[in-house]
Participant: 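Please see the structure below; I have some questions.
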Amino acid sequence: MTDLWWKSAVVYQIYPRSFADADGDGMGDLRGIIDHLDHLSGLGVDVIWLSPIYPSPQDDNGYDISDYQNIEPVFGDLETFDELLAGIHARGMKLIMDLVVNHSSDEHPWFIESRSSKDNPKRDWYWWQPARDGMEPGTPGAEPTNWGSVFGGSAWELDEKTGEYYLHLFSKKQPDLNWENPEVRQAVYAMMNWWLDRGIDGFRMDVINMISKVVPLPDGRVTAGSLYGDGSAGFINGPRIHEFLQEMHREVFAGRDALLTVGEMPGVTVDEAKLFTDPQRNEVDMVFQFDHVWADRGEDPWLLMPLQLTNLKAIFNRWQTGLAEVGWNSLYWNNHDQPRAVSRYGDDSAQYRVASAKMLGTVLHLHRGTPYVYQGEELGMTNFPFRTIDEFRDIEALGQYAQAIDHEGRSPDEVLTVLRARGRDNARTPMQWNVSEHAGFTTGTPWLAVNPNYPEVNAEAAQGDPDSVYHYYRQLIALRHDEPAVVDGDFTMLLPNHEQLYAYTRRLGGTELLVIGNFSGAAVKADLEDDWSGAELVLTNLSAPPDKDWTLAPWQAVVYRRSVG
């Protein structure tokens, strides 16, 4: 079915400010992307997803948009964008854009008008509310609700001119749009149609399940040690979310061919995802869920938890089986909001970095769903060795650090330990292209420091090494394209209680695949109930297959195929 082309596709995410800088100002740009399109087409990916490239004050690295229908001058202009789009299409790939419409920048003309007076026609385009009854605006606790912002502090900011507060679930420079107002929705749909008419192939929708709020906005639950209430019940998968997405489909996507829509949805459950991704409901093609990238987090956000593989497997199994009949998964380890997977769930030491990066890719890509590759993942890029808080640039890390130190009594070492492992800047260090200064990312001073391991980990070296992570990812992507069982096969988890091996099968018709990954630095024997001794070895990340007794070497991955009756 041509409208489900994305089931066999692989998407590559570019974080433009960190991908490639063509003009030497230290910031990635569209020309830099154009210069490296052959790297992506050589990898075999089908779709490129661009993180925001719109005009922005860059308070949250472009996720605070001040003009939805133009290009941030640091990145280029619309003419250069059109050249990029043409280059992508000429190579047989598609382009999807980031859609950030839960909030805009406070420098967007819509918000400038909205805050200008209480009776401005756009006042109701955002969430404005007075102080609590009987309280003076600006006094502690006078905020309309007790919600905390994702980036630390209150989710409400007082506007001195009008004496009212506006809602910002993220930065105070990211006021939330009021989707209850039909004029807001129509303005968003007009903008989306403008981009699709320009030739793009779909959208990745930022925190799209937050656009519907419970009205009136309720206070959130306050847990011990928290300054603010958890407002998520008031804005996660709100009462009108399905209505809004179905309206968006009617107004924007209906009648257009070969598009891809993926909704980022923190807190979404399997049952909710079935509704969002059921093709008959006309909402989105797939969702980004977060369960598997929260698998190593406990109740205390400032305590690092070791990965429990059985927990990770249970999460994937729940999503694979839950969407088996209706709906579709997205598959990812890395993106611009997550630390590097090889440092998180693998082993980024010199001995095992390559093997564990390949193993993680194998286990992920051969699930049922559409895989997403984040820039540098195909090289096995690792977390950055941050030393002090001064080396971080991310607004989330800086805000959470300040709140934890100043208000929660945490020690700097305690907080830094977690930020080093989990901070978003790990994903945002510049792409490592070659061994020249700054890894070939820029001839200037990079906006964020390059990982010092770039002489060993870079694209030029990877492309010249047939055993590199890059060439292994090419094989993984080709297998998805060529083997129907990867796309449409049934999924069965094996060894669910094993703490070192991740194993499953995919079966379609007379073909069955066996996938096993060793998530440890020790040799481990796989005790399989079925006899796979005569199966064909399709792929392994090491030079030698497992021993005849099915003992996998440290961080080894294997894929076998057999015919079944």
Participant: Of all the heavy-atom pairs spanning Ser149 and His168, show the shortest one and how long it is.
Facilitator: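 Reported closest heavy-atom pair: CB-O, 4.1 Å.
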Participant: Among Asn426, Asp394, Ile389, find the one that has a side chain to side chain contact (heavy atoms under 4.5 Å, CB included) with Leu419.
Facilitator: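 The single option meeting the side chain to side chain contact (heavy atoms under 4.5 Å, CB included) with Leu419 is Ile389.
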Participant: Which heavy atom of Ser56 sits nearest a heavy atom of Asp64, and at what distance?
Facilitator: OG-O, 2.6 Å
Participant: Once salt bridge (Lys or Arg N to Asp or Glu O under 4.0 Å) is applied, what residue pairs with a partner in residues 71-86 remain, sequence neighbours excluded?
Facilitator: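 Qualifying pairs: Arg31-Glu83, Asp82-Arg198.
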Participant: Under the rule for side chain to side chain donor-acceptor pair (under 3.5 Å), what residues qualify as partners of Arg185, not counting sequence neighbours?
Facilitator: Glu247
Participant: Give every residue pair that meets the ring pair (Phe, Tyr, Trp, His ring centres under 6.0 Å) criterion with at least one member in residues 207-227, sequence neighbours excluded.
Facilitator: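 Those involving residues 207-227 do not exist here.
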Participant: Between the side chains of Tyr126 and Ser104, does any donor sit under 3.5 Å from an acceptor?
Facilitator: yes
Participant: Could you pull out all residues at least two apart from His242 that satisfy ring pair (Phe, Tyr, Trp, His ring centres under 6.0 Å)?
Facilitator: Phe276
Participant: Could you tell me if Thr162 and Trp128 have a donor-acceptor pair between their side chains, going purely by distance under 3.5 Å?
Facilitator: no
Participant: Taking salt bridge (Lys or Arg N to Asp or Glu O under 4.0 Å) as the cut-off, I'd like each qualifying pair that reaches into residues 217-233, sequence neighbours left out, listed once.
Facilitator: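 Residue pairs passing salt bridge (Lys or Arg N to Asp or Glu O under 4.0 Å), neighbours aside: Arg132-Asp219.
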Participant: Using every non-hydrogen atom in the two residues, find where Gln375 and Tyr15 come nearest and quote the distance to one decimal.
Facilitator: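 Closest approach of Gln375 to Tyr15, heavy atoms only: OE1-N, 2.6 Å.
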Participant: Would you name the heavy atoms of Asn181 and Trp125 that are closest together and state the gap between them?
Facilitator: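 Scanning both residues, the minimum pair turns out to be ND2-CD1, 3.4 Å.
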Participant: Taking only residues at least two apart or on different chains, which pairs with a member in residues 58-78 satisfy ring pair (Phe, Tyr, Trp, His ring centres under 6.0 Å)?
Facilitator: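 Checked against ring pair (Phe, Tyr, Trp, His ring centres under 6.0 Å) - neighbours excluded - the pairs reaching residues 58-78 are Tyr63-His336, Tyr68-His108, Tyr68-Trp110.
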